[in-house]
Amino acid sequence: MGIFSIFKSKKEQFREHVRACFDESVKKTIKENRDVFNDSSMGGFTGGLMVQASITSVYQTLKNEPRLVLLAAKSDFDPYQIIEEECKYALRKYLE
C-alpha cells in the first residue's frame, strides 16, 4: 500500500487487494511454467489453460474465505460482487 492509500475507501482497498491476488497468481504460474509458455507448439493453448486454472483457483479461495462473511456483514459494499467482477476482469486481461 502506498502513502495515498489512506485516502481510498475500504471498497477500493479491497478491490485492489483482490486484483493483486489474481495478478500475483498469474505471474507465479507464468514464472513457474516458463518452458510451457515459451514452447510455440503448445504454449498458447496449454498456457491459457494454466492461467485460467490459476485464476479459478484464486477465485475459489477468495469466495470460500470464512472471514468474508464477516466483512460482508460489516461493510457497505458486497465483497462477493467485487471478487466476481475482478475474476471476470482477470480472465479478460489475461486470456483475450
Fill in: CA sep, side-chain torsions, deciding dist, call: Leu71, Arg67, side-chain contact (heavy atoms from CB on, under 4.5 Å)
CA-CA 6 Å; Leu71 178 63; Arg67 294 177 290 179; over 6 Å; no
Discussion item. Does Lys11 form a side-chain contact (heavy atoms from CB on, under 4.5 Å) with Arg15? I'd like the steps, not just the answer.
Written reply: CA-CA 6 Å; Lys11 180 179 179 180; Arg15 182 177 298 280; 4.2 Å; yes
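One distance of note links CZ of Phe14 with CD1 of Ile82; it measures 6.0 Å at 0.5 Å rounding. Rounding to the nearest 0.5 Å places CD of Glu16 at 12.0 Å from SG of Cys21. In this structure, CD in Glu24 is found 10.5 Å from OG in Ser54, a value given to the nearest 0.5 Å. Atoms CD and CZ, from Glu86 and Arg19 in turn, are 4.0 Å apart once rounded to the nearest 0.5 Å.
Donor-acceptor pairing under 3.5 Å is recorded for the side chains of Ser9 and Glu12.
Judged by distance alone, with hydrogens and angles left aside, the side-chain atoms of Thr29 form no donor-acceptor pair with the main-chain N or O of Met50 at under 3.5 Å. Judged by distance alone, with hydrogens and angles left aside, the side-chain atoms of Thr56 form a donor-acceptor pair with the main-chain N or O of Gln52 at under 3.5 Å.
Pairing each heavy atom of Ile55 with each of Phe22, the nearest pair is O-CE2, 3.4 Å. Heavy-atom minimum distance, Glu84 versus Lys63: OE1-NZ, 4.0 Å. Across all their heavy atoms, Leu62 and Leu68 have their closest contact at O-CD2, 3.3 Å.
Phe77 is connected to Val69 through a chain of hydrophobic side-chain contacts under 4.5 Å among Ile, Leu, Val, Met, Phe, Trp and Tyr, so both are in one cluster.
With sequence neighbours excluded, no residue satisfies ring pair (Phe, Tyr, Trp, His ring centres under 6.0 Å) with Tyr80.
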Please output the side-chain donor-acceptor pairs of residues 88-95 that fall under 3.5 Å, not counting sequence neighbours, one pair per line with the distance.
unit_1: Lys93; atom_1: NZ; unit_2: Asp23; atom_2: OD1; d: 3.3
unit_1: Tyr94; atom_1: OH; unit_2: Asp23; atom_2: OD1; d: 2.8

